[in-house]
Undergrad: 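What follows is a structure written as structure tokens; I'll ask about it next.
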Amino acid sequence: MDRTNKVKSIAVLTGGGDAPGLNAVIRAVVRTGLGYGLKVWGVKNGFGGMVENQIIEMTGESVAGILPRGGTMLGTTNRDNPFRYLTVQNGEKVYSDMSGQALENLRQHDIDALIVIGGDGSLKIGAEFYQLGLPVVAVPKTIDNDIPGTERTFGFDTAVGVATDALDRLHTTAESHHRVMVLEVMGRYAGWIALHAGIAGGADCILIPEIPFSIDSVIDKIKERQQRGRLFSLIVMAEGAYPQGGEMSVGRIVEGSHEKIRLGGAGEKLTREIESLIGVESRCTVLGHVQRGGTPTAFDRVLSTRYGVAAVECLLAGAFGNMVALQKNEIIRVPIADIAGITHNVSLDDELLMAGRAIGISFGD
Ligand code: F6P
């Protein structure tokens, strides 16, 4: 494939778990590409669709009305990796390298370059294709906000909004029943959703994977509130949070996925422990995929649109192998190779974390 900047025909794909704003990026890519006179293709169902030749031509019509819609009109999967592609042969599961077939499918459509909208798994695959000579540009997607090189991934703001709304609702029922309410939120190995929602939703305790918690410290916080006449407490817990000396709570294993482990169950364990230790009636709410579904916030729609436009312009500038990113409210370019495979965690001196401590929130340490 030609790695000069004579890009005439581009494809876009969405990989990994969906995030609110995916459709807004696709729309921006298609509209910008068409505006520059390019031919624009959509690869359906992530990298699996690239192997299976599920490639459709995109027009202004195909992206009409999708801006506020959650999910992805192209479909996605967090299982398929063309470099280790799962097929069933004679009843046996076989993994083979189908990257050549995937590239051939792009060639057949005269596609010069690819925009990958994805999280860490998709970025890694995108980086491998780039190394094979395919001009690639990436857009950082995930509700977890755990991709390095960017201050924000799109989808995060919407997920934080959903979690904050849940905390507001839990607040009133917790107060009425004098209960401890634990809200388990997503985020994988990073505590960004818990941190931001916890601050926005007035949690008393925020537990994140970056700070293993002490159960005594959590109990102290609940008791301290009780002594002040506050007979209820709100705890927001990242799915990856775990007790000191303990382990993350694994919900299930998804074979064939880039990251097989799915976290889950931490909130329920903590809830039972609180009840058994101090006898306060407690309940756990697991927000789950509600955080990923539905309409993106205005912030995510704007960010997604900026990313989509910037990704096309990055390809036209011949700046291949980059991810578009947000730094100090400007869209910049970051080499994918510098960030693929790295998780962006909450640092212990994070400004928001310190603000939380300053206003008396317990982080369980
Ligand atoms: O990475 C996004 C995310 O929603 C994580 O927060 C969560 O751990 C995981 O994906 C859930 O994956 P699945 O959709 O496969 O259950």
Side-chain angles (χ1 to χ4, degrees), residues 14-22 25 45-48 70-72 74-81 86 116-126 138-150 152-164 166 183-198 206-210 236-242 247-269 284-294 296-297 300 303-304 323 339-346:
T14 55
D18 68 342
L22 277 168
V25 183
N45 305 319
F47 283 105
T72 161
L74 289 173
T76 189
T77 163
N78 51 12
R79 284 172 186 247
D80 295 331
N81 178 353
L86 177 66
V116 175
I117 312 173
D120 59 346
S122 307
L123 294 189
K124 247 176 139 178
I125 297 170
V139 177
K141 165 243 61 164
T142 168
I143 62 162
D144 304 335
N145 199 43
D146 63 352
I147 299 178
T150 186
R152 279 290 172 276
T153 56
F154 73 85
F156 173 68
D157 187 67
T158 306
V160 169
V162 172
T164 302
L183 177 69
E184 181 185 305
V185 297
M186 282 185 165
R188 262 192 341 167
Y189 305 121
W192 294 109
I193 297 177
L195 175 62
H196 282 246
I206 300 175
L207 305 178
I208 59 176
E210 292 84 349
V236 59
M237 182 175 205
E239 61 184 354
Y242 60 98
E247 284 176 1
M248 287 187 190
S249 193
V250 176
R252 63 167 68 202
I253 300 289
V254 180
E255 287 303 335
S257 178
H258 149 74
E259 169 61 66
K260 289 188 179 133
I261 293 175
R262 294 292 180 278
L263 298 169
E268 190 58 44
K269 275 186 204 159
C284 172
T285 301
V286 181
L287 263 191
H289 293 79
V290 171
Q291 293 157 97
R292 286 208 330 228
T297 58
D300 274 335
L303 182 60
S304 298
M323 178 185 82
I339 51 163
I342 304 171
T343 302
H344 170 47
N345 283 106
V346 178

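These values consider heavy atoms only, across backbone and side chains, with no hydrogens, waters or symmetry-generated copies. Everything numeric here is computed off the predicted structure, so don't read it as measured data. Order of appearance sets the numbers: ligands from 1, and atoms from 1 within every ligand. Along the sequence shown, residues are numbered consecutively beginning with 1.
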Undergrad: Considering non-hydrogen atoms of the protein only, which is the closest contact for atom 15 (O) of ligand 1, and what is the distance?
TA: R262 NE, 2.6 Å
Undergrad: With a cut-off of 4.0 Å, which atoms of ligand 1 are near a heavy atom of E239?
TA: 5 (C), 6 (O), 7 (C), 8 (O)
Undergrad: Does D144 have a heavy atom less than 4.0 Å from any atom of ligand 1?
TA: yes
Undergrad: Answer yes or no: is there an ion pair linking E255 with K260, defined by an N-O contact shorter than 4.0 Å?
TA: yes
Undergrad: Test of understanding: with side-chain hydrogen bond (donor to acceptor under 3.5 Å, both in side chains), list the residues that count as partners of R292, not counting sequence neighbours.
TA: D18
Undergrad: First locate atom OG1 of T142, then atom CH2 of W192, and finally report the distance between them rounded to the nearest 0.5 Å.
TA: 13.0 Å
Undergrad: Which protein heavy atom lies closest to atom 4 (O) of ligand 1, and at what distance to 0.1 Å?
TA: R292 NH1, 2.8 Å
Undergrad: Give a yes/no on ligand 1: does G187 have at least one heavy atom closer than 4.0 angstrom to it?
TA: yes
Undergrad: Pick out which of R152, M323, H344 makes a side-chain contact (heavy atoms from CB on, under 4.5 Å) with P140.
TA: M323
Undergrad: I'd like to know whether ligand 1 has N78 as a neighbour, heavy-atom separation below 4.0 Å.
TA: yes
Undergrad: For E259, enumerate each residue passing the salt bridge (charged side-chain N to carboxylate O under 4.0 Å, His left out) test, keeping only those at least two apart in sequence or located in another chain.
TA: none
Undergrad: Measuring from non-hydrogen atoms of H289 to any atom of ligand 1, is the shortest distance under 4.0 Å?
TA: yes
Undergrad: Which of the atoms of ligand 1 are close to R188, meaning less than 4.0 Å from one of its heavy atoms?
TA: 5 (C), 6 (O), 8 (O)
Undergrad: Can you tell me how far apart OG1 (T150) and CD1 (I339) are? Round to the nearest 0.5 Å.
TA: 8.5 Å
